Student: 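Take this structure first; my questions come after.
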Amino acid sequence: MKRVYNFSAGPAILPEEVLMEAASEMLDYHNSGMSVMEMSHRSKIYQGIIDEAEKDLRTLLNIPDNYKVLFLQGGATVQFSMVPLNLLKHGKADYIISGHWAKKAYEEAKKYGEIRKVASSEDKMFSYIPNVKQMVFDQEADYVFMTDNNTIYGTKFYEYPDTGSIPLVNDASSSFLSEPMDVSKFGMIFAGAQKNVGPAGTVIVIIREDLITKELPAYTPIMLRYDIQAENGSMYNTPPTYGIYLCGKVFKWLLNMGGLEAIQKRNIQKANMLYDYLDQSKMFFGTVEKKSRSLMNVCFKSTSQELDEKFVKEAKEHGFDNLKGHRSVGGMRASIYNAMPVEGVKALVDFMREFEKNN
Ligand SMILES: *Cc1c(COP(=O)(O)O)cnc(C)c1O
């Protein structure tokens with residue numbers, strides 16, 4: 001068996017310890033005589049798994065008691081519909097368009113209300129985060145929508161907009177649990193699991209209780225109602241049982257590492273290694289504004305497209321996989337989520353240095 005250094009943007013690398021533990025429990029979970037995949041979600045043993053996952057997540061993020069934690073399905077994209085369907089009480093919302101996913105969320109929300117672009121960085125290919133200090137929000141907006149980390153272009157918010165009493169909704173899919181986060185600043189946070197915490201399909205929602213309402217149009221799809229999901233402990237129907245189990249293992253892995261302060265330190269160290277190299281290289285350069293640089297998705301290019309292609313190909317031959325940039329950006333993207341070890345980034349930088357010397 002040979003594992004590669006996997007720089008995929010998602011589904012992405014998971015901690016090896018977690019995968020091994022899951023493998024060891026595959027046929028017989030805790031003397032149940034069955035795999036977690038095979039057990040009833042209504043069983044006591046499975047209830048233990050989901051309860052513990054929630055408890056550990058609450059510890060990691062220090063989630064206040066007036067927030068519900070939901071484990072839902074359909075990935076982050078379903079939240080692009082669920083947020084407006086549930087939160088648009090007066091029909092207005094402000095969206096910050098800082099990247100591809102934010103734009104998708106905006107386009108979807110427009111079906112349900114009067115949705116305003118409050119700021120956008122599309123003029124420069126989403127290579128920066130709009131200045132939060134200059135944003136003026138509609139006081140009648142039901143919520144403000146933002147995207148914590150821009151997975152495709154490689155930028156991140158270092159400062160959150162001050163929305164006053166308007167709830168701030170944060171799509172944190174690609175930076176979730178990569179650093180501490182003050183949950184109380186947000187009305188809601190959601191994250192698709194496959195970037196930093198588990199397998200694709202599962203999405204984690206953290207929502208302030210007062211935003212959950214029963215006063216929704218009768219046609220609102222039952223599966224897309226936060227009130228129904230919250231009342232049923234994320235089990236209105238069969239939840240993504242195995243995905244939640246793996247997320248739970250990743251939460252434990254983080255707790256054992258020392259929690260979010262510890263992982264943040266490691267993430268900054270990894271990102272700096274790459275950016276420092278890029279800043280002095282004569283062949284490679286980072287593609288986004290320095291003060292908006294993502295700690296999770298490092299986007300860069302070389303001096304030509306041919307060289308980019310050669311680099312991606314040779315890197316793959318040397319065990320550095322999935323470095324090709326998103327099709328809309330080109331170049332390269334190294335996604336260095338929590339589970340990417342420091343050695344992986346160090347080895348990549350060494351390889352880039354060699355490549356630069358030889359080309
Ligand atoms: C990947 C991603 C999504 C989409 O996730 P799905 O699970 O595929 O729906 C949405 N938002 C952000 C920020 C992402 O990185």
Side-chain angles (χ1 to χ4, degrees), residues 6-14 70-85 95-109 119-122 125-130 143-158 160-161 168-179 181 186 188-207 221 223-224 234 239-240 242-244 246-247 250 267 271 288 292-299 322 324-329 333-340:
N6 180 8
F7 292 94
S8 168
I13 184 170
L14 285 168
L70 307 173
F71 294 97
L72 306 179
Q73 315 186 43
T77 304
V78 166
Q79 295 308 310
F80 296 170
S81 321
M82 215 163 157
V83 166
L85 277 167
Y95 276 60
I96 303 168
I97 317 293
S98 57
H100 167 94
W101 294 112
K103 196 173 165 188
K104 279 208 145 165
Y106 164 77
E107 296 295 341
E108 178 64 13
S120 170
S121 51
E122 197 170 10
M125 274 277 276
F126 298 121
S127 60
Y128 68 103
I129 294 288
Y143 62 90
V144 173
F145 187 101
M146 62 166 285
T147 310
D148 206 67
N149 178 76
N150 176 356
T151 326
I152 292 183
Y153 298 85
T155 57
K156 108 190 248 304
F157 279 84
Y158 281 89
Y160 292 123
L168 183 57
V169 175
N170 191 358
D171 174 359
S173 294
S174 51
S175 53
F176 194 58
L177 305 184
S178 67
E179 58 187 3
M181 194 177 213
F186 301 93
M188 180 182 147
I189 299 163
F190 67 90
Q194 75 274 28
K195 309 288 163 58
N196 229 353
V197 287
T202 306
V203 55
I204 295 162
V205 172
I206 302 168
I207 180 168
M223 279 290 287
L224 303 189
S234 307
Y242 197 76
I244 296 167
L246 272 182
C247 290
V250 172
N267 286 333
V288 304
S292 302
R293 283 173 162 176
S294 168
L295 299 180
M296 296 284 103
N297 312 98
V298 178
C299 294
N322 289 313
K324 195 169 160 25
H326 189 267
R327 58 190 185 279
S328 62
V329 194
R333 171 177 51 177
S335 296
I336 49 174
Y337 297 116
N338 286 350
M340 174 59 67

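Both counts, for ligands and for their atoms, begin at 1 and track the order of listing. We're numbering straight along the sequence, starting at 1. Everything numeric in this text was worked out from a predicted model, so none of it was measured.
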Student: Are any side-chain N or O atoms of Thr147 and backbone N or O atoms of Asp171, one a donor and one an acceptor, separated by less than 3.5 Å?
Tutor: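 Answer holds: no.
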
Student: Does the side chain of Ser178 pick up a donor-acceptor pair with the side chain of Asn267 at under 3.5 Å?
Tutor: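 Per modelled atom types, Ser178 and Asn267 side chains form no pair under 3.5 Å.
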
Student: For residues Tyr337 and Phe7, establish whether the separation of their ring centroids is below 6.0 Å.
Tutor: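 No - the distance between ring centres of Tyr337 and Phe7 does not fall below the 6.0 Å cut-off.
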
Student: Please tabulate, line by line, the atom pairs linking an N/O of ligand 1 to a protein N/O at a distance below 3.5 Å, with the distance in Å to 0.1, or answer 'none'.
Tutor:
from, atom 1, to, atom 2, distance (Å)
ligand 1, 7 (O), Ala76, N, 3.1
ligand 1, 7 (O), Gln194, NE2, 2.9
ligand 1, 8 (O), Gln194, NE2, 3.4
ligand 1, 9 (O), Ala76, N, 3.2
ligand 1, 9 (O), Thr77, N, 2.8
ligand 1, 9 (O), Thr77, OG1, 2.5
ligand 1, 11 (N), Asp171, OD2, 2.7
ligand 1, 15 (O), Thr151, OG1, 2.5
ligand 1, 15 (O), Lys195, NZ, 2.6

Student: Quick one: ring pair (Phe, Tyr, Trp, His ring centres under 6.0 Å) partners of Tyr160, sequence neighbours excluded?
Tutor: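 Residues passing ring pair (Phe, Tyr, Trp, His ring centres under 6.0 Å) with Tyr160: Phe186.
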
Student: Using a 3.5 Å cut-off and no angle test, enumerate the donor-acceptor pairs between side-chain atoms of residues 190-204 and protein atoms at least two apart in sequence or in another chain.
Tutor:
from, atom 1, to, atom 2, distance (Å)
Asn196, OD1, Asn338, N, 3.0
Asn196, ND2, Phe176, O, 3.1

Student: Which residues pass the salt bridge (Lys or Arg N to Asp or Glu O under 4.0 Å) test with Lys103, sequence neighbours left out?
Tutor: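 Lys103 satisfies salt bridge (Lys or Arg N to Asp or Glu O under 4.0 Å) with Glu122 once adjacent residues are dropped.
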
